[in-house]
Engineer: 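For reference, the structure I am asking about is given below.
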Amino acid sequence: MASAPEGIRIGELARRLGTTTKTLRFYEQIGLLGAAKRSEAAYRLYDNAAVATAHLVIGLRRLGLTPNEIQAVLGTDLQSTRRQRLLALMDERLRQIYLELGILQGRCDDLAARHAALLATPRGRPEDCVCDALLRPCTCRQRGKNANACENT
């Protein structure tokens, strides 16, 4: 009787990692995971080293890294360590996020100012006047008392 090959099957690995077998096959196809050994029945089998690599790849993906970025982290660049490569990517990602946050904060402040201006619309304006939200002087009264809409809309 032949001994059972060492390693775990792809379904078990996917379950342990909280992912799908399709994802693991894709990562193998694009080179993030090495080709798995095969059982006599052609099932993919992962040894301890492959399991560790799969954990790392899934963890990096959950950090939001793209497959190309993961490949860069896993790469064999002799000028930097894996840790240094990951830190560099995270530094760049943080820089981008802080820039996006600044832009969003500006948009939020602008919208809040327009909202406050609309809430504070003085009496005597037509009911549907939105001039204050547009941060423009009101021209609605110039259109006459029967105007149904602000000309800035």
Side-chain angles (χ1 to χ4, degrees), residues 1-122 125 128-139 149-153:
M1 179 176 199
S3 63
E6 300 264 339
I8 64 171
R9 289 175 36 178
I10 192 169
E12 174 62 17
L13 180 58
R15 187 189 63 73
R16 287 185 190 182
L17 296 173
T19 192
T20 65
T21 58
K22 185 177 180 179
T23 297
L24 293 176
R25 286 186 195 100
F26 174 70
Y27 290 160
E28 183 179 323
Q29 180 184 2
I30 64 172
L32 293 179
L33 296 176
K37 296 176 185 173
R38 299 289 183 143
S39 70
E40 289 178 15
Y43 290 112
R44 285 176 170 84
L45 295 174
Y46 296 89
D47 61 16
N48 290 338
V51 169
T53 300
H55 273 283
L56 179 59
V57 168
I58 295 297
L60 293 171
R61 188 68 182 113
R62 288 186 178 140
L63 282 176
L65 273 63
T66 66
N68 287 340
E69 291 170 330
I70 293 170
Q71 190 63 51
V73 170
L74 296 176
T76 57
D77 176 10
L78 299 177
Q79 302 300 316
S80 61
T81 65
R82 181 179 288 170
R83 180 186 181 99
Q84 289 169 326
R85 292 187 297 270
L86 180 56
L87 280 169
L89 284 170
M90 292 175 90
D91 285 343
E92 178 58 24
R93 183 67 50 90
L94 283 169
R95 188 192 67 72
Q96 290 172 353
I97 290 172
Y98 286 134
L99 178 63
E100 291 170 12
L101 282 173
I103 291 168
L104 286 173
Q105 185 63 56
R107 288 181 183 166
C108 183
D109 292 347
D110 179 65
L111 186 59
R114 291 169 186 270
H115 182 263
L118 194 57
L119 285 173
T121 299
R125 299 251 177 110
D128 60 351
C129 175
V130 295
C131 294
D132 290 320
L134 301 176
L135 304 177
R136 294 182 176 174
C138 182
T139 57
C150 176
E151 63 184 48
N152 287 324
T153 59

Engineer: Search all heavy atoms of L17 against all heavy atoms of A54 and return the closest pair with its distance.
Structural biologist: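 Nearest heavy atoms, L17 then A54: CD1-CB, 3.7 Å.
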Engineer: Which value, rounded to the nearest 0.5 Å, describes the distance between N48 atom CG and T53 atom OG1?
Structural biologist: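 Taking CG in N48 and OG1 in T53, the distance rounds to 11.0 Å.
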Engineer: In the structure I gave you, are the side-chain heavy atoms of L86 and L60 within less than 4.5 Å of one another anywhere?
Structural biologist: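 L86 reaches L60 side chain to side chain.
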Engineer: So, applying side-chain contact (heavy atoms from CB on, under 4.5 Å) with L13, which one of L45, V51, I58, T21 is it?
Structural biologist: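 For L13, the side-chain contact (heavy atoms from CB on, under 4.5 Å) test succeeds with only one of L45, V51, I58, T21, which is V51.
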Engineer: Nearest heavy-atom pair of T19 and R62: which atoms, and what distance?
Structural biologist: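 Of all heavy-atom pairs spanning T19 and R62, the closest is N-NH2, 4.3 Å.
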Engineer: Counting only heavy atoms from other residues, nucleotides and ligands, does the tally under 6.0 Å from CG of D109 exceed 12?
Structural biologist: yes
Engineer: Which atoms form the tightest heavy-atom contact between C131 and T139, and what is the distance?
Structural biologist: SG-N, 3.9 Å
Engineer: Check for a donor-acceptor pair, side chain of R93 on one end and backbone N or O of G64 on the other, with a separation under 3.5 Å.
Structural biologist: yes
Engineer: Using atom types as modelled and distance alone, determine if a side-chain donor or acceptor of R85 lies under 3.5 Å from a backbone N or O of D77.
Structural biologist: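 Yes, the answer is positive, given that a donor and an acceptor are paired below the 3.5 Å cut-off.
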Engineer: Enter the distance from R95:CZ to E100:CD here, rounded to the nearest 0.5 Å.
Structural biologist: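 The CD atom of E100 is 10.0 Å from CZ of R95, to the nearest 0.5 Å.
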Engineer: Taking all heavy atoms of Q79 and all of Q84, pick out the closest pair and write down the distance.
Structural biologist: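 Taking every non-hydrogen atom into account, O-OE1, 4.3 Å.
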Engineer: Check R15 with E12, please: is the shortest side-chain N to carboxylate O separation under 4.0 Å?
Structural biologist: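 The answer is yes: the pair qualifies as a salt bridge.
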Engineer: Assess whether atom NE2 of H115 is packed by more than 12 heavy atoms of other residues, nucleotides or ligands within 6.0 Å.
Structural biologist: no
Engineer: Any idea which heavy atoms bring P67 and L32 closest together, and the distance?
Structural biologist: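 In this case the closest contact between P67 and L32 is O-CD2, 3.7 Å.
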Engineer: Taking atom CE of M90 and atom CD of E69, what is their separation to the nearest 0.5 Å?
Structural biologist: 11.0 Å
Engineer: Any ion pair linking R114 and D110 (charged N to carboxylate O, less than 4.0 Å)?
Structural biologist: yes
Engineer: Determine the minimum heavy-atom distance between L65 and I70, stating which atoms define it.
Structural biologist: CB-CG1, 3.8 Å
Engineer: Does CZ belonging to R9 count more than 12 external heavy atoms closer than 6.0 Å?
Structural biologist: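 For R9, atom CZ is not crowded (no more than 12 foreign heavy atoms under 6.0 Å).
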Engineer: Calculate, to the nearest 0.5 Å, the distance between atoms CG and CG belonging to L135 and L118 respectively.
Structural biologist: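 Taking CG in L135 and CG in L118, the distance rounds to 10.0 Å.
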Engineer: Taking the side chain as every heavy atom from C-beta outward, state whether T23 and R61 have any atom pair closer than 4.5 Å.
Structural biologist: no
Engineer: Check the side chains of Q96 and E92 for a donor-acceptor pair under 3.5 angstrom, ignoring hydrogens and angles.
Structural biologist: yes
